[in-house]
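See below for the structure under consideration.
The analysis underlying the following values was restricted to heavy atoms, covering all of them including side chains, and did not include hydrogens, waters or symmetry mates.
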Amino acid sequence: MRSRIPLPEDRPWRVLGLMSGTSADGVDAVVVEVDPRGFEGGRPFLALLGHHPAPYSEALKEAVLAAASNRLDPAGLCILQRRLGDHHARAAADLCASLGLEPDLASLHGQTVQHHPAEGATLQLADPYVLAEVLGCPVVWDLRRRDMALGGQGAPLVPLPERWLRGPEPWLALNLGGIANLAYWDGAHTRAWDAGPGMSLLDLAARRWLGRPFDPGGAAAAGEVHAAPLDRWLRHPYFQAPPPKSTGREVFGTAWLDAEAPGLEALPLPDRLATLAAFSAEAVARELARLSPLAPGTRGLVSGGGAQHGRLRAELAARLALPLADDTAFPAGAREAVSWALLGAASALGLPGNLPEVTGAARPVALGSWVCP
């Protein structure tokens, strides 16, 4: 299988993946070894060579959150694109220097600041030209919009790489990032979509009421769950819509918390956080119920920052029949970056990176645009 761009033909590829998720807390960079011929058998991944998390500065995170909540003007968005490009390039260069290697190609997700699937629009920021100049290798970027041009949600895209990584046996993977998303493989078909707010509201609440970027371990969410606001939140139209569907901070972000803050502030602080944790958990439980019954022997796995939030995990355990084990195949934060690296390699080969049954696109298609040095 020949690459569409100049890449080695006599050895596995060293592919750099860069992921910055809806948690908006930084960039995860990985370098993986990929067998380009392995796509034919569905097992292209060979090894994780290295992982480097690069947190955003407080100023950069504030700018990202401002963009996601419609508080950044066009000039600010323009400058943020470059600032994020510089941050991604530094993260990539630091990882490659620590490993003493030069990547063959890089796959750049960028930072999602707006996602409007009903309008066929999404925006991920990070200048790919800066990355190509710093690394000296081809860069694939903007992978979501091709799927959206075909009527898809542009998300989720990681379920296909998850199949390449996890093998043929049935599994259910729950990622508790800024937005919770689930992927289910029953041995024959894949289903996947965004399940709800994940950690986005909990982290914003920690910033607002604890003065911290997050609540470590969920220790402050030790109060009682209040049923009245929880029931009202669960009547949100997103939870009534069937898949395929996706969401983001435009729905479950700063504007949502601002609107709900007066009612929440009438509750003790531990109760506020406990009720928000129950909201994320109940949203996941209701979305998972769409998959019932699960295939016999299905493994349940959980990853993302929310996997470390004790109250959220307890609320999930009280609602789900399927036990969820910590997904330890990769270091914390690395899995989605690994998936993005695999999507970049598939794009280099002209292979589809989307699953129409997941995103709703009209057909499978190779994703992204290329920048070559």
Side-chain angles (χ1 to χ4, degrees), residues 1-21 27-54 85 87-110 124 126-144 146 156-166 329-331 333-354 365-373:
M1 190 174 296
R2 184 176 295 274
S3 170
R4 298 188 296 171
I5 59 175
L7 288 171
E9 299 182 6
D10 58 346
R11 60 169 175 81
W13 295 345
R14 297 183 296 265
V15 184
L16 193 145
L18 290 158
M19 170 59 68
S20 42
V27 176
D28 281 285
V30 299
V31 176
V32 300
E33 195 171 52
V34 175
D35 178 4
R37 296 167 297 182
F39 283 99
E40 293 180 359
R43 301 308 292 267
F45 175 79
L46 295 177
L48 173 64
L49 302 181
H51 169 229
H52 173 58
H87 186 87
H88 282 71
R90 282 194 298 272
D94 288 347
L95 175 59
C96 291
S98 72
L99 297 173
L101 59 75
E102 296 179 356
D104 297 308
L105 69 149
S107 183
L108 171 65
H109 180 273
Q124 285 76 41
D127 193 327
Y129 300 98
V130 175
L131 189 63
E133 291 298 326
V134 168
L135 296 179
C137 73
V139 175
V140 62
W141 67 294
D142 199 21
L143 277 75
R144 296 192 183 277
R146 185 71 184 275
L157 295 180
V158 297
L160 181 55
E162 291 280 5
R163 277 178 23 189
W164 296 332
L165 290 166
R166 295 188 188 277
F330 296 104
R335 177 173 281 279
E336 283 192 287
V338 171
S339 293
W340 220 253
L342 292 174
L343 285 175
S347 182
L349 293 165
L351 297 175
N354 63 332
V365 65
L367 303 174
S369 299
W370 285 92
V371 175
C372 293

Of the non-hydrogen atoms in [X] and [Y], which two are nearest, and what is the gap between them?
{"X": "A29", "Y": "L18", "answer": "CB-CD2, 3.5 Å"}
{"X": "L108", "Y": "A126", "answer": "CD2-O, 3.6 Å"}
{"X": "L7", "Y": "A348", "answer": "CD1-CB, 3.8 Å"}
{"X": "C137", "Y": "P103", "answer": "CB-O, 3.5 Å"}
{"X": "L160", "Y": "P352", "answer": "CD2-O, 3.6 Å"}
{"X": "P53", "Y": "D28", "answer": "CB-OD1, 3.6 Å"}

- prompt: Can you name the residues that form a side chain to side chain donor-acceptor pair (under 3.5 Å) with H87, not counting sequence neighbours?
  reply: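 With sequence neighbours excluded, H87 shows a side chain to side chain donor-acceptor pair (under 3.5 Å) to no residue whatsoever.
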Taking C-beta and beyond as the side chain, do [X] and [Y] meet within less than 4.5 Å on heavy atoms?
{"X": "V371", "Y": "P138", "answer": "no"}
{"X": "L101", "Y": "L49", "answer": "yes"}
{"X": "V31", "Y": "V15", "answer": "no"}
{"X": "Y129", "Y": "V139", "answer": "no"}
{"X": "L131", "Y": "D127", "answer": "no"}
{"X": "L48", "Y": "P331", "answer": "yes"}

task: Can you sort out the partners of W370 under ring-ring contact (aromatic ring centres under 6.0 Å, His included), two or more places apart, ordered by chain and number?
output: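 Here no residue qualifies.
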Would you say [X]'s side chain and [Y]'s backbone share a donor-acceptor pair under 3.5 angstrom?
{"X": "W13", "Y": "L105", "value": "no"}
{"X": "S339", "Y": "P161", "value": "no"}
{"X": "S347", "Y": "L367", "value": "yes"}
{"X": "N354", "Y": "V365", "value": "yes"}

Separation of L157 CG from R146 CZ (nearest 0.5 Å):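 It comes to 13.0 Å.
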message: Measuring from atom CD of E40 to atom CG of L351, what distance do you get when rounded to the nearest 0.5 angstrom?
response: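 Here the rounded value is 8.5 Å.
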- prompt: By side chain to side chain contact (heavy atoms under 4.5 Å, CB included), which residues pair with P156, not counting sequence neighbours?
  reply: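 So P156 forms a side chain to side chain contact (heavy atoms under 4.5 Å, CB included) with P159, A192, V358.
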query: With sequence neighbours excluded, what pairs up with D35 under the side chain to side chain contact (heavy atoms under 4.5 Å, CB included) test?
result: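 Side chain to side chain contact (heavy atoms under 4.5 Å, CB included) check on D35 returns R37, L46.
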- request: Taking the six-membered ring for Trp and the single ring otherwise, decide whether the centroids of F39 and F45 are under 6.0 Å apart.
  value: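 No.
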field: Trace of the side-chain contact (heavy atoms from CB on, under 4.5 Å) decision for S98 with H52
entry: CA-CA 9 Å; S98 72; H52 173 58; over 6 Å; no
field: Given V130, V27, V134, the one that forms side chain to side chain contact (heavy atoms under 4.5 Å, CB included) with H88
entry: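 By the side chain to side chain contact (heavy atoms under 4.5 Å, CB included) criterion, H88 pairs with just one of V130, V27, V134: V27.
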- prompt: Applying side-chain hydrogen bond (donor to acceptor under 3.5 Å, both in side chains), which residue pairs with at least one partner in residues 99-110 are found, sequence neighbours left out?
  reply: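 side-chain hydrogen bond (donor to acceptor under 3.5 Å, both in side chains) check on residues 99-110 returns R11-D104, H109-R144.
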task: Please report the C-alpha distance between V30 and L16 in whole Å, then the side-chain angles of each, then the deciding distance to 0.1 Å, and finally whether the side-chain contact (heavy atoms from CB on, under 4.5 Å) criterion is met.
output: CA-CA 6 Å; V30 299; L16 193 145; over 6 Å; no
Where at least one partner belongs to residues 333-347, residue pairs that pass salt bridge (Lys or Arg N to Asp or Glu O under 4.0 Å), sequence neighbours excluded: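 The answer is E162-R335, D327-R335.
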